[in-house]
Amino acid sequence: MTDNVRVTGPDAPETPATAALRPRLPSPLHEAPDERFARHGVRLLLKRDDLIHPELTGNKWRKLAPNLDAAAGRTLLTFGGAWSNHLRATAAAGRLLGLPTVGVVRGEELAARPLNPSLARCAADGMRLHFADRAAYRRKTEPDTLAALLRAAGAEDAYVVPEGGSNAPAVRGCTALGQELRDRADVAAVACGTGGTLAGLAAGLGPGRRAVGVPVLKGGFLGGEVRALQRKAFGGPRGEWSLDDRFHFGGYARVPAGLEAFAADFEDRHGLPVERLYVAKLLYGLLTMTEEGAFPPGTALAAVVTGRPFDGDAPAGTPQTAVSR
């Protein structure tokens with residue numbers, strides 16, 4: 001991978017990926033009047049990154065675009081679980097750009113099952129799926145294991161993007177998100193999977209602003225990941241940021257009844273389709289933090305809407321839908 005990757009944003013030069021995919025940048029920022037926030041003196045703003053591109057929504061665009069340019073037409077290989085938004089976005093980008101893509105999917109046992117709707121979409125977009133056993137998948141960042149996975153997938157010469165798309169080029173791409181918000185919000189918040197968007201967002205916000213991350217996975221590991229990503233992208237820490245680990249609701253793809261009810265109510269209040277796996281957890285967490293007094297009166301609080309609902313999204317353990325391979 002190269003360190004000389006151009007950053008996308010409203011003032012950035014046009015790149016091959018931006019020229020071909022025609023993103024909507026900067027993404028819209030709308031105020032969402034909500035008495036639950038207003039009674040604490042907080043203005044809720046929605047940063048509509050879900051409107052950047054119809055198929056590469058939100059932070060997926062911001063992280064993928066620099067890597068698509070760096071791939072320079074080579075096969076792009078990346079990693080994800082059976083319901084990975086990142087795999088779907090990568091497959092869509094490959095179709096739109098005529099770029100071969102390979103998805104290494106966690107769980108060798110899934111190869112013998114019908115594809116779920118998420119993986120079926122990847123396959124329909126031309127992504128070649130390789131199912132890896134879970135032990136090897138956990139060690140995929142180790143050079144020997146990665147080399148073995150590439151050989152097994154028949155993609156030894158591929159350009160490799162890590163799980164979730166978070167690497168140094170992606171982090172630098174996400175600084176544009178912070179730059180778009182630095183004069184509009186006091187606090188900018190984003191749901192986090194692998195930490196790349198938060199790392200770039202915080203770097204782009206500038207002095208006097210801070211970023212808040214709401215992890216959607218349990219484990220408490222993300223702080224170290226964000227710090228490591230900033231070191232790789234910038235050589236050291238950038239910006240003010242924090243994490244609140246309380247709102248994962250049991251882990252990735254877990255959507256219990258209480259969260260579902262909250263998301264449905266937010267949709268009714270604001271006319272915004274709420275993606276359940278990331279955005280619902282972010283909004284729930286921000287309301288809880290607001291009610292706890294985490295944001296001083298007068299705060300302009302921007303919630304980054306990183307994606308839209310996908311019809312195939314389902315909690316972990318949902319039976320997979322039979323589709324043709």
Side-chain angles (χ1 to χ4, degrees), residues 8-10 23-63 85 89 174-193 197-198 200-202 204-206 209-216 241-244 247 249 255 259-291 294-310 313:
T8 59
R24 181 183 182 183
L25 290 171
S27 62
L29 181 67
H30 301 312
E31 184 159 2
D34 192 311
E35 70 276 8
R36 298 171 297 178
F37 291 85
R39 71 171 63 108
H40 299 279
V42 174
R43 292 173 55 228
L44 178 65
L45 310 175
L46 300 178
K47 178 62 168 167
R48 296 295 304 275
D49 266 20
D50 58 313
L51 300 178
I52 289 176
H53 190 276
E55 295 189 72
L56 279 72
T57 59
N59 60 341
K60 303 308 176 188
W61 162 265
R62 295 187 189 272
K63 293 197 288 186
N85 293 325
C174 288
T175 60
L177 173 59
Q179 291 163 1
E180 292 170 24
L181 287 169
R182 62 168 50 171
D183 296 324
R184 309 289 298 279
D186 302 302
V187 179
V190 66
C192 302
T197 305
L198 177 64
L201 168 64
L205 278 174
R209 308 288 190 267
R210 64 186 176 99
V212 174
V214 174
V216 301
W241 58 271
S242 62
L243 292 165
D244 194 320
F247 306 108
F249 286 87
V255 185
L259 181 62
E260 174 63 36
F262 169 83
D265 176 69
F266 196 94
E267 290 176 332
D268 289 341
R269 288 171 183 261
H270 297 289
L272 172 75
V274 175
E275 188 271 333
R276 292 333 195 232
L277 308 188
Y278 288 85
V279 179
K281 294 180 180 183
L282 169 68
L283 295 170
Y284 186 99
L286 291 180
L287 179 56
T288 301
M289 286 183 251
T290 298
E291 292 173 340
F295 310 114
T299 296
L301 174 63
V304 181
V305 181
T306 49
R308 297 188 300 271
F310 171 65
D313 283 337

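These numbers come from a predicted model, not from an experiment.
Residues Val42 and Pro296 come closest through the heavy atom pair CG2-O, 4.3 Å. Here the closest heavy-atom approach between residue Ala294 and residue Arg210 is recorded as O-NH2, 3.4 Å. Heavy atoms only, all atoms of each residue included: Arg308 and Glu275 are closest at O-CG, 3.6 Å. The two residues Leu243 and Cys192 come nearest to each other via the heavy atoms CD2-SG, 4.3 Å. Among all heavy-atom pairs drawn from Ala188 and Leu181, the shortest one is CB-CD1, 3.9 Å. Across every non-hydrogen atom of Ala211 and Leu198, the tightest pair is CB-CD1, 3.7 Å.
For the pair Arg276 and Glu267, the salt-bridge criterion is met [side-chain N within less than 4.0 Å of a carboxylate O].
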Checklist entry - For Phe266 and Leu272, what are the C-alpha separation, side-chain angles and deciding distance, and is it a side chain to side chain contact (heavy atoms under 4.5 Å, CB included)? => result CA-CA 7 Å; Phe266 196 94; Leu272 172 75; 4.0 Å; yes
Item to check | side chain to side chain contact (heavy atoms under 4.5 Å, CB included) evaluation trace for Leu259 with Lys281 | outcome: CA-CA 7 Å; Leu259 181 62; Lys281 294 180 180 183; 3.7 Å; yes
Item to check | Phe262 and Val274: CA distance, side-chain angles, deciding distance, side chain to side chain contact (heavy atoms under 4.5 Å, CB included) verdict | outcome: CA-CA 10 Å; Phe262 169 83; Val274 175; over 6 Å; no
Item to check | Chi angles and distances behind the side chain to side chain contact (heavy atoms under 4.5 Å, CB included) call for Arg184, Lys47 | outcome: CA-CA 10 Å; Arg184 309 289 298 279; Lys47 178 62 168 167; over 6 Å; no
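For the pair Leu29 and Glu180, the minimum side-chain heavy-atom distance is 4.5 Å or more. Side-chain atoms of Ser242 and Val212, non-hydrogen and from C-beta on, do get closer than 4.5 Å to each other. Looking at Met289 and Val214, their side chains come closer than 4.5 Å, going by heavy atoms from C-beta outward. Between Glu35 and Arg269, the closest side-chain pair of non-hydrogen atoms falls below 4.5 Å. Within the 4.5 Å cutoff, no side-chain heavy atoms of Thr290 are placed close to those of Thr299.
In this structure, the separation between CZ on Phe247 and OG1 on Thr288 is 4.5 Å, given to the nearest 0.5 Å. Note that CH2 of Trp61 is 12.5 Å distant from OG of Ser27, once rounded to the nearest 0.5 Å. Between Leu45 atom CG and Glu31 atom CD the span is 5.5 Å, to the nearest 0.5 Å. For the atom pair CG (Asp34) and CG (Leu287), the distance works out to 7.0 Å, reported to the nearest 0.5 Å. Within the model, atoms CG of Leu46 and CG of Leu283 stand 7.0 Å from one another, a figure rounded to the nearest 0.5 Å. Taking NZ of Lys63 as the start and CG of Leu56 as the end, the distance is 12.0 Å to the nearest 0.5 Å.
Between the Asp186 side chain and the Ala300 main chain, a donor and an acceptor come within less than 3.5 Å of each other. A donor-acceptor contact shorter than 3.5 Å links the side chain of Arg209 to the backbone of Arg182.
At most 12 non-hydrogen atoms from other residues, nucleotides or ligands lie less than 6.0 angstrom from OH of Tyr284.
For the side-chain hydrogen bond (donor to acceptor under 3.5 Å, both in side chains) test with Asn59, the passing option among Thr197, Thr306, Asp50 is Thr197; the others fail.
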